[in-house]
Engineer: 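My questions all concern the structure below.
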Amino acid sequence: MRTLGLLGGMSAESTAIYYRELNRLVRERLGGLHSADLLLWSVDFAGIAELQAQGRWDETGRILADGARRLQDAGARAILLCTNTMHLNAPAIAAAIEVPFLHIGDATAAALKARGVKRPLLLATRFTMEQAFYRDRLAAAGLDCLIPGEADRGRLHAIIYDELCQGVVSPASKARALEMVARARAEGADGVILGCTEVGMLLAQDDLDVPAVDTSLVHCEAAVDFALG
């Protein structure tokens, strides 16, 4: 089994999901007492979130590149960044290491295409919805992403940072997210990307009448494929 290096803490809530799911998948595939061979470097998210809000992405890139190098030096055979938004720094991270960087966008695109989705709604942080780094990667795979309107983007961003990242799952916020999906469906969306690693805490496939891809889960599946390949 290859050792996976996890860059986590963004947020701690979603990193716990990664730890749980990676171990579950390995146990399901190998049986018995097997679990994933993991290294974790977890940041204090408060500092990262402040840099995000200030648009200091070069600085977050340096922090995460340093963490990736530390994981590689400790024995990681691939690096997994346990957040969608910080894939804005994926080029800086990949350039800092010699082992593979397993991009969440690639796992997401493959899962969407396997489900026959062409025009997914992207539910994520403002950074991920509004900046090009994520949507362009999906567009290169032939996917035409829709995003919610301005007011909905602001509300969803607040739900993520003020609630989900702090372990709060609100029925009212779930209802608001489902309204966003309904509006996108009327505009032709044929699938949903749970495109923040915390959004899967709020919505699941059973809540929706179109295919949904939980990016955290498909990222974990791709990582275990690598680890056991």
Side-chain angles (χ1 to χ4, degrees), residues 1-26 35-108 124-128 131-134 137 157 160-161 164-167 195-201 214-229:
M1 188 189 313
R2 297 186 180 102
T3 302
L4 298 172
L6 310 183
L7 278 171
M10 300 163 282
S11 68
E13 293 291 330
S14 63
T15 302
I17 293 170
Y18 270 81
Y19 184 81
R20 182 191 71 215
E21 290 302 309
L22 289 166
N23 282 296
R24 179 185 65 80
L25 288 165
V26 169
S35 57
D37 192 348
L38 303 173
L39 295 168
L40 172 63
W41 187 78
S42 186
V43 303
D44 177 359
F45 189 38
I48 295 292
E50 184 175 349
L51 293 172
Q52 290 176 336
Q54 296 170 358
R56 294 164 62 184
W57 300 106
D58 288 347
E59 191 164 345
T60 60
R62 286 192 292 272
I63 292 169
L64 296 180
D66 178 67
R69 284 191 295 268
R70 291 169 185 264
L71 288 168
Q72 175 182 265
D73 292 347
R77 300 285 299 279
I79 301 300
L80 204 62
L81 178 58
C82 306
T83 157
N84 283 276
T85 296
M86 298 315 298
H87 275 73
L88 188 150
N89 289 139
I93 296 167
I97 56 177
E98 297 175 2
V99 298
F101 177 76
L102 305 181
H103 199 293
I104 198 169
D106 297 338
T108 298
T125 66
R126 266 193 181 277
F127 309 118
T128 303
Q131 299 194 46
F133 72 96
Y134 199 88
R137 190 146 189 132
H157 188 86
I160 291 167
Y161 279 82
L164 299 178
C165 286
Q166 299 181 48
C196 174
T197 46
E198 290 84 14
V199 171
M201 298 165 62
D214 185 325
T215 55
S216 301
L217 303 187
V218 298
H219 200 197
C220 288
E221 289 170 0
V224 171
D225 287 344
F226 174 87
L228 299 181

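The structure presented is a predicted model; accordingly, all values stated were derived computationally and were not measured.
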Engineer: Are side-chain heavy atoms of Ile97 and Leu71 found at a separation under 4.5 Å?
Structural biologist: no
Engineer: Ion pair present between Arg137 and Asp106, side-chain N to carboxylate O less than 4.0 angstrom?
Structural biologist: yes
Engineer: How far apart are the closest heavy atoms of Tyr19 and Asn23, and which atoms are they?
Structural biologist: O-ND2, 2.8 Å
Engineer: For Pro100 and Arg77, work out which heavy atoms get closest and say how close.
Structural biologist: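 In this case the closest contact between Pro100 and Arg77 is CD-O, 3.2 Å.
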Engineer: Please report the closest heavy-atom contact between Met1 and Leu228, naming both atoms and the distance.
Structural biologist: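 Scanning both residues completely, I find the closest heavy atoms to be CG-CD2, 3.7 Å.
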Engineer: State, yes or no, whether a side-chain contact exists between Thr3 and Leu38 at a heavy-atom distance under 4.5 Å.
Structural biologist: no
Engineer: Output the distance between atom CZ (Arg62) and atom CZ (Arg56), rounded to the nearest 0.5 Å.
Structural biologist: 8.5 Å
Engineer: On a heavy-atom basis, which atom in Tyr161 and which in Phe45 lie closest, and how many Å separate them?
Structural biologist: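 Of all heavy-atom pairs spanning Tyr161 and Phe45, the closest is CE2-CZ, 3.8 Å.
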Engineer: For a quick test of reading the model, state the closest non-hydrogen atom pair linking Ala223 to Leu22 and the distance between them.
Structural biologist: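 For Ala223 and Leu22, the tightest heavy-atom pair comes out as CB-CD2, 4.0 Å.
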Engineer: Kindly compute the distance separating CE (Met10) from OG (Ser42), expressed to the nearest 0.5 Å.
Structural biologist: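 Atom-to-atom, Met10:CE and Ser42:OG are 7.5 Å apart.
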Engineer: Quick one: pull up SG in Cys196 and CG in Asp214 and give me the separation to the nearest 0.5 Å.
Structural biologist: 10.0 Å
Engineer: In Å, rounded to the nearest 0.5 Å, how long is the span from CD of Glu221 to OG of Ser216?
Structural biologist: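 Those atoms lie 11.0 Å apart.
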Engineer: Quick one: are Glu13 and Ile17 in side-chain contact, heavy atoms under 4.5 Å?
Structural biologist: no
Engineer: If I take atom CG from residue Asp73 and atom CD from residue Glu98, how far apart are they, to the nearest 0.5 angstrom?
Structural biologist: 9.0 Å
Engineer: Flag the pair Glu198 / Ser11 as yes when at least one side-chain heavy-atom distance between them is below 4.5 Å, and no otherwise.
Structural biologist: yes
Engineer: Using a 6.0 Å cut-off, check whether atom CD of Gln131 has over 12 heavy atoms from anything other than its own residue.
Structural biologist: yes
Engineer: Working to the nearest 0.5 angstrom, can you tell me the gap between Leu51 CG and Glu59 CD?
Structural biologist: 4.5 Å
Engineer: Give every donor-acceptor pair under 3.5 Å between a side-chain atom in residues 79-96 and any protein atom, sequence neighbours left out.
Structural biologist:
from: Thr83; atom 1: OG1; to: Thr85; atom 2: N; distance (Å): 3.3
from: Thr83; atom 1: OG1; to: Met86; atom 2: N; distance (Å): 3.4
from: Asn84; atom 1: OD1; to: Tyr134; atom 2: OH; distance (Å): 2.8
from: Asn84; atom 1: ND2; to: Gly195; atom 2: O; distance (Å): 3.2
from: Asn84; atom 1: ND2; to: Thr215; atom 2: OG1; distance (Å): 2.9
from: Thr85; atom 1: OG1; to: Thr125; atom 2: OG1; distance (Å): 2.6
from: Thr85; atom 1: OG1; to: Thr128; atom 2: OG1; distance (Å): 3.0
from: His87; atom 1: ND1; to: Thr83; atom 2: O; distance (Å): 2.6
from: His87; atom 1: NE2; to: Ile104; atom 2: N; distance (Å): 3.2
from: Asn89; atom 1: OD1; to: Thr60; atom 2: OG1; distance (Å): 2.6
from: Asn89; atom 1: OD1; to: Gly61; atom 2: N; distance (Å): 3.3
from: Asn89; atom 1: ND2; to: Trp57; atom 2: O; distance (Å): 3.0

Engineer: Of the non-hydrogen atoms in His219 and Leu102, which two are nearest, and what is the gap between them?
Structural biologist: NE2-O, 2.8 Å
Engineer: In chain order, what residues pass the side chain to side chain contact (heavy atoms under 4.5 Å, CB included) check against Arg70, with sequence neighbours excluded?
Structural biologist: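 Per chain and number, Arg70 pairs via side chain to side chain contact (heavy atoms under 4.5 Å, CB included) with Trp41, Asp66.
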Engineer: Hey, does Tyr18 have a side-chain heavy atom less than 4.5 Å from the side chain of Leu40?
Structural biologist: no
